[in-house]
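One structure below.
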Amino acid sequence: MTVVGEAEDARQAITAIEKAKPDVALIDISLHGVDGIELLKNIKSRFPKLKMLVFSMHDEALYAHRALRAGASGYIMKEEGTDRVLTALRKVLQGEVYLSERLGNRMLHTLVDGRASLTSSPVEGLSDRELKVFKLIGEGHGTRPIAQKLHLSVKTIESHRAHIKVKLNLQNAAELVHHAIQWVQSEGVPGKAEGQVESAKSAVP
């Protein structure tokens, strides 16, 4: 493996990929000022042949399947050893999908049992956009600022808030805000901490 580029935010990542033309990108979805899942979608749209492996501190049960839907070929937790990361990179480069054994088994059980959710957490039932709105609510943003940040109408954000309340069985706006704040504080969700995006070009024989 040869590292050919490194970046600290989404804009730098796109520039590094355009310049270095790597075979695989190792991406932390905890990025300052941008949604990591949106970055995956953007990279996939602009560089459809590029393999992407997410390397994250965040719960794979909540984010791995979202990352795969966004275009990633694998998801590995930062708690894993270096040897496991190299194994994951090689599998992704070979055109395979890498997931932990635990998550892979859960996905298989989901297919066999016909369950829609991978976890018992109601938050798992939120769509990617609803999860983003929920996170921003938990960070203290109101409806209008969220609309401006996501380039959506206030009416659309209000609709998302209503859907979130139904899915999480929350009775009113106060409960929504309280629940969102608690979740952000307990989960350490992407967007709260500055992360890193790395692009690595394969030198495997």
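- How far OG of Ser56 is from CG of Leu26: 10.5 Å, rounded to the nearest 0.5 Å.
- Using a 4.5 Å cut-off on side-chain heavy atoms (C-beta onward), His160 and Ile146 make no contact.
- At least one side-chain heavy atom of Asp9 sits less than 4.5 Å from a side-chain heavy atom of Gln12.
- Residues Ile17 and Met52 are not in side-chain contact: their nearest non-hydrogen atoms beyond the backbone lie 4.5 Å or more apart.
- One finds the CD1 atom of Ile157 at 4.5 Å from the CG atom of Leu152 (value rounded to the nearest 0.5 Å).
- Between the Ser159 side chain and the Lys155 main chain, no donor and acceptor come within less than 3.5 Å of each other.
- Leu89 is not listed as a side-chain neighbour of Phe55, based on a closest heavy-atom distance of 4.5 Å or more.
- A distance of 9.5 Å separates CG in Leu131 from CG in Leu136, rounded to the nearest 0.5 Å.
- Nearest approach of Leu50 to Val24, heavy atoms of both residues: CD1-N, 3.7 Å.
- Taking the side chain as every heavy atom from C-beta outward, Val154 and Glu158 approach each other to under 4.5 Å.
- A salt bridge links Glu18 with Arg46: the distance from a Lys NZ or Arg NE/NH1/NH2 to an Asp or Glu carboxylate oxygen falls below 4.0 Å.
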Show the numbers, then the answer: is there a side chain to side chain contact (heavy atoms under 4.5 Å, CB included) between Arg90 and Met1? CA-CA 9 Å; Arg90 291 190 173 102; Met1 302 285 181; 3.6 Å; yes

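- Contact of the Asp128 side chain with the Arg69 side chain is registered, since non-hydrogen atoms from C-beta on lie closer than 4.5 Å.
- Atom NZ of Lys149 has 12 or fewer heavy atoms from other residues, nucleotides or ligands within 6.0 Å.
- Residues Leu39 and Ile29 are not in side-chain contact: their nearest non-hydrogen atoms beyond the backbone lie 4.5 Å or more apart.
- In this structure, the side chains of Ile76 and Ser100 stay at 4.5 Å or more apart for every pair of heavy atoms.
- Here the shortest heavy-atom pairing between Lys167 and Pro122 reads O-CB, 4.2 Å.
- Scanning both residues, Leu170 and Leu176, for their nearest heavy atoms gives CD1-CA, 3.7 Å.
- Here the shortest heavy-atom pairing between Asn172 and Glu175 reads OD1-N, 2.9 Å.
- Looking at every heavy atom in both residues, Tyr75 comes nearest to Ala64 through CD1-CA, 3.5 Å.
- Listed here is the closest heavy atom pair of Leu68 and Gly74: CD2-N, 3.8 Å.
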